[in-house]
Amino acid sequence: MSSKNGTIKESYNDRLFLTLIYIFLSVLMIVILYPLVYIVSASISSPEAVTSGQVWLWPVDFSLEGYIEVFNNSDVIRGFRNSILYTIGYTLIAVFLTVIFAYPLSRKNFYGKTFFMIFILLTMLFYGGLIPEYLVVQKLGMLDTPWAILIPKAMAVWQIIIARTFFYTSIPEELVEASEMDGCSSIRFLWHVVIPLSKPIIAVLALMYAVFQWNSYFDAMIFLRTEDLFPLQLELREILITQSESGANQDIAEQQKRQQLANLMQYSLIVVSSIPVLIIYPFAQKYFVKGMLLGSVKG
């Protein structure tokens, strides 16, 4: 329906539909944001306020006791350092393997690409289980070493598919043929042409792998025994368990105080462990949407 000035006038049903959409999105935003706001508010409140349930939105009795306790704990610092090293190493290895595996699959003249695609797709449907994985890690001598964290899950099928689709839609065959006519080798073409043109998808892969590794703790719990190798997530688990068990031999007042501090540390640890991801994301954001769209919608 058009008005006199040439603009399209929305009907009553359209306005009602948009209003309902805005209301739904607003409610959804509140549902998502509230836990985040609550965790930050609880982390800078006093232990008594957190335990008694006085905190529900804004901080109560501002206190940094939780953060002080966290950063005074040598185990947390060690776990933080290990998690950073694991995340950087894992991301570099995973992105490298994904790129060199996905790029050949995107080329039309690569013999056997259908077989390899079927092979990797089957791994999405069938999983050998934890015991075979543990035995493989043990036989390879990676048990209780950093390699047990970096190698076993160094490639993900979904990321390979996204990267393959990106290379297929973004690197034209004419460019490959032109490089071959100029005598450019496949490895040189990949390094000097494909990689510079693939910054969006590489940023997406790096962010996906980094977030996965940073939040991962199960593999460390299964494969690592030496505390000096524990990542941050596993250190947090050990700290909370230790504090809960240590309170059994204390008097009631001291036990209550330690429990209050443990509750406060939970929120402080969540905030501290989330900071690296929040720092990385803004730098990769400009590539993230473009890489996801090109890598998953086209082709």
Side-chain angles (χ1 to χ4, degrees), residues 1-45 49-62 66 98 102 106 121 124-125 156-172 197-216 233 263-264 266-299:
M1 191 174 182
S2 302
S3 60
K4 293 181 179 179
N5 56 7
T7 59
I8 299 176
K9 185 178 180 180
E10 294 180 346
S11 65
Y12 171 79
N13 291 335
D14 290 337
R15 292 197 300 270
L16 178 61
F17 177 75
L18 288 175
T19 301
L20 293 176
I21 290 295
Y22 286 133
I23 293 174
F24 172 75
L25 293 177
S26 300
V27 173
L28 185 63
M29 181 182 67
I30 293 173
V31 171
I32 294 174
L33 289 180
Y34 176 72
L36 303 178
V37 175
Y38 174 79
I39 289 173
V40 175
S41 298
S43 69
I44 55 178
S45 300
V50 173
T51 304
S52 61
Q54 298 179 38
V55 181
W56 64 276
L57 184 60
W58 305 115
V60 177
D61 298 333
F62 180 81
T98 301
S106 68
L121 288 174
M124 297 181 68
L125 304 175
V157 177
W158 178 244
Q159 276 78 346
I160 292 175
I161 295 174
I162 292 177
R164 171 191 172 275
T165 306
F166 179 90
F167 293 139
Y168 181 79
T169 58
S170 302
I171 309 297
L197 294 177
S198 304
K199 290 180 180 178
I201 196 62
I202 291 176
V204 171
L205 295 175
L207 186 60
M208 286 181 172
Y209 282 126
V211 171
F212 168 79
Q213 179 58 43
W214 183 262
N215 293 326
S216 177
Q233 308 298 338
N263 293 337
L264 179 62
Q266 293 180 21
Y267 299 109
S268 302
L269 291 170
I270 292 173
V271 174
V272 170
S273 63
S274 301
I275 288 176
V277 177
L278 296 177
I279 293 176
I280 293 173
Y281 184 75
F283 296 98
Q285 184 180 11
K286 64 179 180 180
Y287 299 114
F288 190 81
V289 176
K290 181 180 178 182
M292 285 296 291
L293 289 176
L294 291 176
S296 59
V297 176
K298 291 186 178 181

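Residue numbers count from 1 along this sequence.
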Trainee: Which atom pair, heavy atoms only, marks the closest approach of Pro172 to Ser170?
Mentor: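 Smallest interatomic distance, heavy atoms only, reads CD-O, 3.3 Å.
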Trainee: Mind checking the CZ-OG1 spacing from Arg164 to Thr169? Nearest 0.5 Å is all I need.
Mentor: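 Taking CZ in Arg164 and OG1 in Thr169, the distance rounds to 10.0 Å.
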Trainee: When rounded to the nearest 0.5 angstrom, what distance separates CD1 in Ile44 from CH2 in Trp58?
Mentor: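 Ile44 CD1 to Trp58 CH2: 10.0 Å, rounded to 0.5 Å.
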Trainee: Would you mind listing every side chain to side chain donor-acceptor pair (under 3.5 Å) that reaches into residues 26-40, with sequence neighbours excluded?
Mentor: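 Applying side chain to side chain donor-acceptor pair (under 3.5 Å) to every pair that reaches into residues 26-40, excluding sequence neighbours, yields nothing.
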Trainee: For the pair Ser45 (side chain) and Ser41 (backbone), establish whether a donor and an acceptor sit closer than 3.5 Å, ignoring hydrogens and angles.
Mentor: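 A pair under 3.5 Å: yes.
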Trainee: How long is the straight-line distance from CD1 of Ile23 back to CG of Leu18, given to the nearest 0.5 Å?
Mentor: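 So the gap between those two atoms works out to 11.0 Å.
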Trainee: Nearest 0.5 Å, what's the CG-CZ distance between Leu197 and Phe166?
Mentor: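 These two atoms lie 8.0 Å from each other.
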Trainee: Who are the side-chain hydrogen bond (donor to acceptor under 3.5 Å, both in side chains) partners of Ser43, not counting sequence neighbours?
Mentor: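 Partners of Ser43 under the side-chain hydrogen bond (donor to acceptor under 3.5 Å, both in side chains) test: Tyr67.
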Trainee: Return the CZ to OG1 distance between Phe24 and Thr19, rounded to the nearest 0.5 Å.
Mentor: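 Spacing of CZ (Phe24) from OG1 (Thr19) equals 15.0 Å.
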Trainee: Is there a side-chain contact between Thr165 and Ile201 in this structure, where contact means two heavy atoms from C-beta onward sitting under 4.5 Å apart?
Mentor: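 Heavy-atom side-chain distance check fails, nothing below 4.5 Å.
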Trainee: Let me have the donor-acceptor pairs involving side chains of residues 268-279, under 3.5 Å, with sequence neighbours excluded, atom names and distances please.
Mentor:
| unit_1 | atom_1 | unit_2 | atom_2 | d |
| --- | --- | --- | --- | --- |
| Ser268 | OG | Leu264 | O | 3.3 |
| Ser273 | OG | Leu269 | O | 2.9 |
| Ser273 | OG | Ile270 | O | 3.0 |
| Ser274 | OG | Ile270 | O | 2.7 |

Trainee: Consider only side-chain N and O atoms of Thr98 and Tyr209, and report whether a donor and an acceptor are under 3.5 Å apart.
Mentor: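 Note: Thr98 and Tyr209 side chains meet the donor-acceptor criterion.
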Trainee: Around Phe17, counting heavy atoms of other residues, nucleotides and ligands shown, do more than 12 lie under 6.0 Å from its CZ?
Mentor: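 Not more than 12 within 6.0 Å, no.
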